[in-house]
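In each ligand, atom 1 is the first atom listed, and ligand 1 is the first ligand listed. As a basis for the values below, the full set of heavy atoms in this structure was taken, side chains included, without hydrogen atoms, waters or symmetry mates.
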Amino acid sequence: MAQQERVVLNRSKYFMATALLSAQRSEDPNTQVGACIVNQEENIVGIGYNRMPNGCDGKLPWERESEEWLDNKYPYVCHAELNAIVNKTSADVKGCAIYVTLFPCNECAKLIIQAGIKDVIYLSDKYHGDKKTIASKKMLNTANINVKQFQSGEEDITITFTVGEMADTNAP
Ligand SMILES: O=c1ccn([C@H]2C[C@H](O)[C@@H](COP(=O)(O)O)O2)c(=O)[nH]1
Ligand SMILES: [Zn+2]
């Protein structure tokens, strides 16, 4: 039987990978976003992705360019950061870090600040020129939140559901 390569993820790669995996749950056809909140003991205390409010799946539009504002996703979709915060498994998220696959918008920046999150690690900054992103950066900076872009520095990771033999690390 083929041996699986033994992979040990470093801390930040594990948390960003968790955010990325969560993003893959999103039904947004244009931008899937994932967020993973980590406490000071390095435990995950919240995960979320952009989705419609509870009970609204399949009943609200995913359009983004309809002339009628109400026919677009924007008034309805709950952002990944919001879902990660409201889904928290701890009493609060004060002093936590949030790993996000997209730079948080201005509304999420407000949530992050008010929730007491101290570190933001993001992957994509694809909307860096947008006013929402500029306002977000202004708020996060003013509130002394540590913001940094994730640098993987390594290859992608692969998740396989095939259970093979683990590599024998004691082999000569
Ligand atoms: O801070 C953010 C900003 C955006 N999102 C979500 C909201 C939408 O579902 C998409 C953005 O859609 P576009 O088609 O790229 O405009 O991303 C989020 O979760 N968090
Ligand atoms: Zn947002």
Checklist entry - What atoms of ligand 1 come closer than 4.0 angstrom to any heavy atom of Asp28? => result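 So the answer, numbered in order with elements, is 8 (C), 9 (O), 10 (C), 12 (O).
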Checklist entry - Please state which protein non-hydrogen atom is closest to atom 6 (C) of ligand 1 and give its distance, to 0.1 Å? => result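 Nearest protein contact, heavy atoms only, for atom 6 (C) of ligand 1 is Asn50 ND2, 3.6 Å.
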Checklist entry - Ile157 and Ile121: same hydrophobic cluster, using ILVMFWY side-chain contacts below 4.5 Å? => result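 Yes, same cluster.
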Next on the checklist: Which residue and atom name correspond to the protein heavy atom nearest atom 19 (O) of ligand 1, and how close is it?
Outcome noted: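 The protein heavy atom lying closest is Ala80 N, 2.9 Å.
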Next on the checklist: Can you name the atoms of ligand 1, numbered from 1 with element, that are less than 4.0 Å from a heavy atom of Thr31?
Outcome noted: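 This gives 10 (C), 11 (C), 12 (O), 13 (P), 14 (O), 15 (O) as the contact atoms.
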Item to check | Atom indices of ligand 1 within 4.0 angstrom of Cys105 heavy atoms, with elements | outcome: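 Listed by number with element, the hits are 1 (O), 2 (C), 3 (C).
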Checklist entry - Sub-3.5 Å donor-acceptor pair from the side chain of Ser22 to the main-chain atoms of Gly34, do we have one? => result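 Here the side-chain-to-backbone pair does not exist.
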Checklist entry - Counting only heavy atoms, which portion of Cys108 has something under 4.0 Å from ligand 1: side chain, backbone, both, or neither? => result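 Contact part for Cys108 vs ligand 1: side chain (C-beta onward).
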Next on the checklist: With heavy-atom distances below 4.0 Å as the criterion, list the atoms of ligand 1 near Tyr74.
Outcome noted: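 Per the distance check, 13 (P), 14 (O), 16 (O).
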Next on the checklist: Treating Tyr76 as the side-chain partner and Asp71 as the backbone partner, does any N or O pair qualify as donor plus acceptor under 3.5 Å?
Outcome noted: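 Side chain of Tyr76 to backbone of Asp71: no pair is present.
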Next on the checklist: Tell me the contacting part of Tyr49 for ligand 1: side chain, backbone, both, or neither, using a 4.0 Å heavy-atom threshold, strictly below.
Outcome noted: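 Looking at Tyr49 and ligand 1, no heavy atom falls under 4.0 Å.
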Item to check | Atoms in ligand 1 with a heavy atom of Asn30 nearer than 4.0 Å | outcome: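 Those of ligand 1 that fall under 4.0 Å from Asn30 are 13 (P), 14 (O), 15 (O).
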Checklist entry - Crowded around Glu67 CD? As in, over 12 foreign heavy atoms under 6.0 Å? => result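 Counting neighbours around CD of Glu67, 12 or fewer heavy atoms of other residues, nucleotides or ligands fall under 6.0 Å, so no.
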Checklist entry - What atoms in ligand 1 come closer than 4.0 Å to a heavy atom of Val77? => result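 With Val77 as reference, the close atoms of ligand 1 come out as 7 (C), 9 (O).
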Checklist entry - Is it the side chain (CB and beyond), the backbone, both or neither of Glu81 that lies under 4.0 Å from ligand 1, heavy atoms counted? => result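 Near ligand 1, Glu81 shows its side chain, while the N, CA, C and O stay back.
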Item to check | Under 3.5 Å: N/O of Trp62 near N/O of ligand 1 | outcome: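 In fact, backbone or side chain, Trp62 has no N or O that close.
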Checklist entry - If we only count N/O pairs under 3.5 Å, is Pro104 in contact with ligand 1? => result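 Min N/O separation from ligand 1 is not below 3.5 Å for Pro104.
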Item to check | Enumerated ligand 1 atoms positioned under 4.0 Å from heavy atoms of Tyr127 | outcome: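 So the answer, numbered in order with elements, is 13 (P), 15 (O), 16 (O).
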Next on the checklist: More than 12 heavy atoms of other residues, nucleotides or ligands under 6.0 Å from OH of Tyr14: yes or no?
Outcome noted: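 Atom OH in Tyr14 is not crowded, with 12 or fewer foreign heavy atoms closer than 6.0 Å.
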Checklist entry - Which of these, Glu65, Arg51, Lys73, Lys132, has its nearest heavy atom closest to atom 12 (O) of ligand 1? => result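 When every heavy atom of Glu65, Arg51, Lys73, Lys132 is considered, Lys73 comes closest to atom 12 (O) of ligand 1.
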Checklist entry - Which is closest to atom 7 (C) of ligand 1 by heavy-atom distance: Glu27, His79, Lys126? => result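 Answer by nearest heavy atom: His79.
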Checklist entry - Is there any N or O on Cys78 that sits under 3.5 Å from an N or O of ligand 1? => result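 In fact, backbone or side chain, Cys78 has no N or O that close.
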Checklist entry - How long is the span from the CG atom in Asn72 to the CG atom in Leu60, to the nearest 0.5 Å? => result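 Between Asn72 CG and Leu60 CG, I get 12.0 Å after rounding to 0.5 Å.
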Item to check | Residue Lys137 excluded, over 12 heavy atoms near NZ under 6.0 Å | outcome: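 For Lys137, atom NZ is crowded (more than 12 foreign heavy atoms under 6.0 Å).
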Checklist entry - Shortest non-hydrogen contact from Met16 to Tyr99? => result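 Looking at all heavy atoms of both residues, the closest pair is N-CD2, 3.9 Å.
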Next on the checklist: Counting only heavy atoms from other residues, nucleotides and ligands, does the tally under 6.0 Å from NZ of Lys126 exceed 12?
Outcome noted: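 More than 12 within 6.0 Å, yes.
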Next on the checklist: To check your reading of the model: name the closest protein heavy atom to atom 17 (O) of ligand 1, its residue, and the distance in Å.
Outcome noted: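 Ranked first by proximity to atom 17 (O) of ligand 1 is Val33 CG2, 3.4 Å.
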Next on the checklist: Using 30° and 60° as the class boundaries, would you call the ring planes of Phe103 and Tyr122 parallel, tilted or perpendicular?
Outcome noted: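 Rings of Phe103 and Tyr122: perpendicular, as their planes differ by over 60°.
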Item to check | Positive for side chain to side chain contact (heavy atoms under 4.5 Å, CB included) with Thr101, one of Thr31, Leu21, Val33 | outcome: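 Considering Thr31, Leu21, Val33, a side chain to side chain contact (heavy atoms under 4.5 Å, CB included) with Thr101 is found only for Val33.
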Checklist entry - When you draw lines from the Zn ion (ligand 2) to SG of Cys108 and to ND1 of His79, what angle lies between them, to the nearest 10°? => result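 Taking the Zn ion (ligand 2) as the apex, I get 110° for this pair.
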Checklist entry - Distance from Ile47 atom CD1 to Asn83 atom CG, nearest 0.5 Å? => result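 The CG atom of Asn83 is 12.0 Å from CD1 of Ile47, to the nearest 0.5 Å.
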